[in-house]
Amino acid sequence: MSVTVQPVPILSDNYAWLLRDTATGAVAIVDPADAAGVAPAIEAAGRLDLILLTHHHLDHVFGTDEVRARWGCPVVGAAADAYRLPKLDIAVREGDLVPFGDSEARVIEVPGHTRGHIAYFFANGAVLLAGDTLFSVGCGKLLEGTAEEMFASLKKLSALPDHTLIACGHEYTENNVRFALTVEPENLALHARALEVMQLRSAGQPTVPSILAQERATNPFLRAPTAARLGEIRTAKDRF
Ligand code: ZN
Ligand code: FE
């Protein structure tokens, strides 16, 4: 009995995520930016019990009100950003526990990409909904935060269990791998991931969720030893 995740590709390169609590059959959707795009996955599940939002950007929240109206379920998001998120039924902060079926999500505040960005961790199933903070082999742009903030946010995520599934907000992995190879051209784990990503993408498959242990071995942003180094790598990626 645990929480399972399924990517729902929407817009050009976003992922919403369909979560199931296998013990109770409860269903949640994360970042349903495109109501029509997520509808088939929710219809197939047959119910929707919860909507989770990671941050306020439109490519994550746009369809929220339409999905809530259709299924009548509560919307969870960051209290810190309530003023610019869709109306929240449950406003959460660091350490809050959000019940979902027989499971619960722990809220982790991860400023850097946006000020009020949060991630959700389901210990039951070891699933992290990382939004635009941690990508596979990448991290989010520092739109509203400093390298210090992103460094601290990534440290929190990196402390989760090795087998944690990283469910992130975009399919950016191919480009991220190409950049990462310029940072660590001799990283063998990264070369192995590059091959895997190439095969998945040419088969039209998602490259995520990825596994935290693999991210620690391949993701230059998680591997940066200091905030200053993280900032350097992020600036180089912005110009890549
Ligand atoms: Zn974003
Ligand atoms: Fe995004």
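Each ligand, and each atom within it, is numbered from 1 in the order the structure gives.
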Distance (rounded to the nearest 0.5 Å) between [X] [atom1] and [Y] [atom2]:
{"X": "R234", "Y": "T146", "atom1": "CZ", "atom2": "OG1", "value": "14.0 Å"}
{"X": "F121", "Y": "L157", "atom1": "CZ", "atom2": "CG", "value": "10.0 Å"}
{"X": "T4", "Y": "L18", "atom1": "OG1", "atom2": "CG", "value": "8.0 Å"}
{"X": "I211", "Y": "H163", "atom1": "CD1", "atom2": "NE2", "value": "10.0 Å"}

* Asked: Between F179 and F221, what is the ring plane arrangement, given parallel below 30°, perpendicular above 60°, and tilted in between?
  ->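 The arrangement is parallel - the two ring planes meet at less than 30°.
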Note on the Zn ion (ligand 1): protein N/O/S atoms within less than 2.8 Å are H55 NE2, H57 ND1, H113 NE2, D132 OD2
- Around the Fe ion (ligand 2), what protein N, O or S atoms are found below 2.8 Å?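 Near the Fe ion (ligand 2), below 2.8 Å, one finds D59 OD2, H60 NE2, D132 OD2, H170 NE2.
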**Item:** Donor-acceptor pair between D21 and T24 side chains, under 3.5 angstrom
**Value:**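 Yes - a donor-acceptor pair under 3.5 Å links their side chains.
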K156 side chain vs E109 backbone, donor-acceptor pair below 3.5 Å =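 Yes: the side chain of K156 pairs with the backbone of E109.
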Walk me through whether H57 and H113 qualify under ring-ring contact (aromatic ring centres under 6.0 Å, His included).
CA-CA 10 Å; H57 287 155; H113 178 65; 4.8 Å; yes
### Task
Please test V208 against S136 for side chain to side chain contact (heavy atoms under 4.5 Å, CB included), starting from the C-alpha separation and ending with a verdict.
CA-CA 7 Å; V208 290; S136 184; 3.8 Å; yes
